[in-house]
Amino acid sequence: TVGRTAGIVYYNVGAPTDGGPSSGTIGNVVVRNHANNCLDFSSQAMRSVGVLFENSNVRISDSNIHTIRGNGIRQHGGIDWMERNLLMDIWDYAIKVTDGTTSDVRNNSIIHAAAGVTVLSTGTDVVGNVIGPDVGTGIHLGGGDTALVQSNRMSSGQAISQNSFF
């Protein structure tokens, strides 16, 4: 999206093999203090993103993403695995999955974010995450009709929400 900034970007990279991501691995990385100060924060399209995957097949694990004025990890299309990451002080969604297939969000810790995990696609597993304290909605399902949500621990304002208009 024009005007959006991101700490790490994968765009149209790789193809899925063996049912998992093959184009890249991000591990033991810190993305922090990322803000797009020149832009209007009232527009979601203009906010920054810590890590952005668009139509790519990537694994991010064991990383620390914090103090982001926008989304922590944003996935749009592709097959991605997001596991064992710490996300904190995120202005919008800590993890947002859209238009992906068979993506995994597992064993992440999310502290102080507007929303924890938001799934707007099918086939996404949200398993074993620790969400809260200070997280608005823990897990939001907005169209992920085949999402698996299991064994998550939440201490947030609204644990799980589901609708089709998000």
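None of the values given here were measured: they were computed from a predicted structure.
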Checklist line | Spacing of L87 atom CG and S109 atom OG [to the nearest 0.5 Å] | finding: 8.5 Å

Margin query: Any donor-acceptor pair under 3.5 Å linking the side-chain atoms of N108 with those of N129?
Written below: yes

Notebook entry, point to check: Between the main-chain N or O of I79 and the side-chain N or O of N57, is there a donor-acceptor pair closer than 3.5 Å?
Noted result: yes

Next item on the list: Nearest 0.5 Å please: distance from the CG atom of D62 over to the CD1 atom of I26.
Entry: 12.0 Å

Note to self: Do V130 and M154 make a side-chain contact, defined as non-hydrogen atoms from C-beta onward lying under 4.5 Å apart?
What the structure shows: no

Note to self: Is a donor from one side chain sitting under 3.5 angstrom from an acceptor on the other, for H112 and D89?
What the structure shows: yes

Checklist line | Pairwise distance CD(Q75) to CG(L52) - rounded to 0.5 angstrom | finding: 9.5 Å

Checklist line | Polar side chain donor-acceptor pair, H34 to T67, under 3.5 angstrom | finding: no

Next item on the list: Using a strict cut-off of less than 4.0 Å between a Lys/Arg side-chain nitrogen and an Asp/Glu carboxylate oxygen, indicate whether R59 and D80 qualify as a salt bridge.
Entry: no

Margin query: For the CZ atom on R153, are there more than 12 heavy atoms of other groups (residues, nucleotides or ligands in this structure) within a distance under 6.0 Å?
Written below: no

Notebook entry, point to check: Considering only heavy atoms from C-beta outward, does the side chain of S121 approach that of V97 to under 4.5 Å?
Noted result: yes

Note to self: Could you measure the distance from the CD1 atom of I68 to the CD1 atom of I90? Nearest 0.5 Å is fine.
What the structure shows: 5.0 Å

Checklist line | Check: D104 side chain, W81 main-chain N or O, donor-acceptor pair, under 3.5 Å | finding: no

Next item on the list: Would you give the length of the straight line joining atom CZ of R84 to atom CG of N107, rounded to the nearest 0.5 angstrom?
Entry: 7.5 Å

